[in-house]
Amino acid sequence: MRDFRRWALALGMLGAALYVAMVLIGQALRPAYAPESTFISHLTAVGAPNARALRALNDAHGICLLIFAAALWQGSRWDGGALTRKGYSLLLAMMTLNYVGYAVCPLMESESFTSLRNLTHFVMSIALILAAMASILMIGVGYRRQAGERALGAFCLVMDGLIAAFGVWTLLSMWRWPGTLGLAQRAMVFSLDGFIFGLSLAHTLRAARPVFLQRKQPAT
């Protein structure tokens, strides 16, 4: 069971890497695509070139993050404070919606931005980012309250601040600076990927230590 959880925790790093690979490969295979001004979702939109292969990578990314979030949530039930547990519960809910929601409601390349399906996709994306920011904030504050976890808590809060700042840039780009929309969204999403990769690395290294060296934190 311990070995399975260690591998499940490592899937966060794999999932983050798969998403970055999907974006870079998708851009390379589509010369006419303008990454600096176009949403990432256009790479996997129904009707887009190479969308089926890219969606397969995106699905693999989603499954990895769902398993990773489930492992974190399970671990927080016996080794974490109340706020950290709530943060991981919200993170698991967000990862579930991320996987199911985008599968059910992908962007449609042939439809306008104001179509019902594409608007639903857009609203869902905003909800997911807000849920991610809220969960990371709870996790970060929860860790800051635990002895021996303050550095990890600071990392969470710094990454949450970056995601929020780039999120504001993305909204402003939609309103005033459409030429930087793709750059802003990538900065925001890749910051989230950076948080997931760092959190996964920290917990994977911890799980790999011998049991007698692993710290047990008092719940707060």
Side-chain angles (χ1 to χ4, degrees), residues 1-2 4-16 19 61-105 122-168 170-171 188-209 211 214-220:
M1 183 66 181
R2 181 168 173 264
F4 173 78
R5 184 169 183 270
R6 183 175 63 190
W7 286 110
L9 292 170
L11 287 178
M13 290 182 284
L14 178 59
Y19 188 81
H61 145 264
I63 292 171
C64 286
L65 295 193
L66 188 55
I67 296 172
F68 167 64
L72 288 173
W73 172 78
Q74 182 189 40
S76 71
R77 294 172 64 191
W78 64 76
D79 187 18
L83 191 57
T84 307
R85 287 195 296 273
K86 291 177 182 177
Y88 281 132
S89 296
L90 181 56
L91 185 67
L92 177 58
M94 188 273 287
M95 292 301 184
T96 303
L97 178 60
N98 175 72
Y99 181 71
V100 176
Y102 284 137
V104 171
C105 191
F122 175 69
V123 170
M124 181 175 63
S125 297
I126 293 178
L128 285 170
I129 287 295
L130 291 175
M133 289 170 53
S135 69
I136 297 169
L137 179 63
M138 287 190 284
I139 293 166
V141 173
Y143 278 143
R144 291 291 293 173
R145 293 176 178 176
Q146 293 178 243
E149 301 287 9
R150 293 192 175 92
L152 185 56
F155 166 76
C156 295
L157 295 177
V158 168
M159 297 307 295
D160 202 34
L162 287 175
I163 295 167
F166 291 135
V168 171
T170 302
L171 292 175
M188 176 181 64
V189 174
F190 289 165
S191 294
L192 177 57
D193 272 344
F195 161 74
I196 291 169
F197 191 95
L199 190 67
S200 174
L201 177 62
H203 282 283
T204 300
L205 292 176
R206 178 176 303 170
R209 294 201 303 259
V211 175
Q214 296 185 29
R215 291 190 300 267
K216 290 290 183 181
Q217 304 301 333
T220 58

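For this chain, numbers begin at 1 and follow the sequence in order.
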Inset, instruction - Classify the angle between the aromatic ring planes of His61 and Tyr19 as parallel (below 30°), tilted (30 to 60°) or perpendicular (above 60°). - result: tilted

Legend entry - Atom of Phe155, atom of Gly194 and distance for their closest heavy-atom approach: CZ-O, 3.8 Å

Legend entry - Minimum-distance pair of heavy atoms, taken over all atoms of Leu92 and Ala70: CD1-N, 3.7 Å

Inset, instruction - Heavy atoms only: give me the nearest Met133-Ala164 pair and the separation to one decimal. - result: CE-CB, 3.5 Å

Legend entry - Minimal non-hydrogen separation, Gly142 against Leu83, with atom names: N-CD2, 3.8 Å

Legend entry - Any Arg145 side-chain heavy atom under 4.5 Å of Val141 side chain: yes

Inset, instruction - Please tell me if the side chains of Met94 and Leu91 come closer than 4.5 Å, counting only heavy atoms from C-beta onward. - result: yes

Legend entry - Validation row: Ile136, Leu157 side chains within 4.5 angstrom (heavy atoms): no

Inset, instruction - Decide yes or no for Met13 and Phe68: does some side-chain heavy atom of the first lie under 4.5 Å from some side-chain heavy atom of the second? - result: no

Inset, instruction - Could you pull out the closest heavy-atom pair between Met159 and Phe195, with the gap in Å? - result: CE-N, 3.8 Å

Legend entry - From Leu66 atom CG to Thr96 atom OG1, the distance as rounded to the nearest 0.5 Å: 4.5 Å

Legend entry - Backbone N/O of Ile196 and side chain of Ser200: donor-acceptor pair under 3.5 Å: no

Inset, instruction - Could you tell me whether the side chain of Leu152 reaches within less than 4.5 Å of the side chain of Arg206, counting heavy atoms only? - result: yes

Inset, instruction - Drop me the distance from Ile163's CD1 to Leu192's CG, to the nearest 0.5 angstrom. - result: 4.5 Å

Legend entry - Thr170 OG1 to Met188 CE distance, which is reported to the nearest 0.5 Å: 4.0 Å

Inset, instruction - Verify, without hydrogens or angle tests, whether Arg150 (side chain) and Arg144 (backbone) share a donor-acceptor contact under 3.5 angstrom. - result: yes

Inset, instruction - Using the side chain to side chain contact (heavy atoms under 4.5 Å, CB included) rule, take Tyr102 and Met124 through it: C-alpha gap first, then chi angles, then the decisive distance, then the call. - result: CA-CA 8 Å; Tyr102 284 137; Met124 181 175 63; 3.2 Å; yes

Legend entry - Considering all heavy atoms, the nearest Cys64-Gly15 contact: CB-CA, 3.7 Å

Legend entry - Ile139 side chain near Leu90 side chain, heavy-atom distance below 4.5 Å: no

Legend entry - Within-4.5 Å side-chain heavy-atom neighbours: Leu65 and Tyr99: no

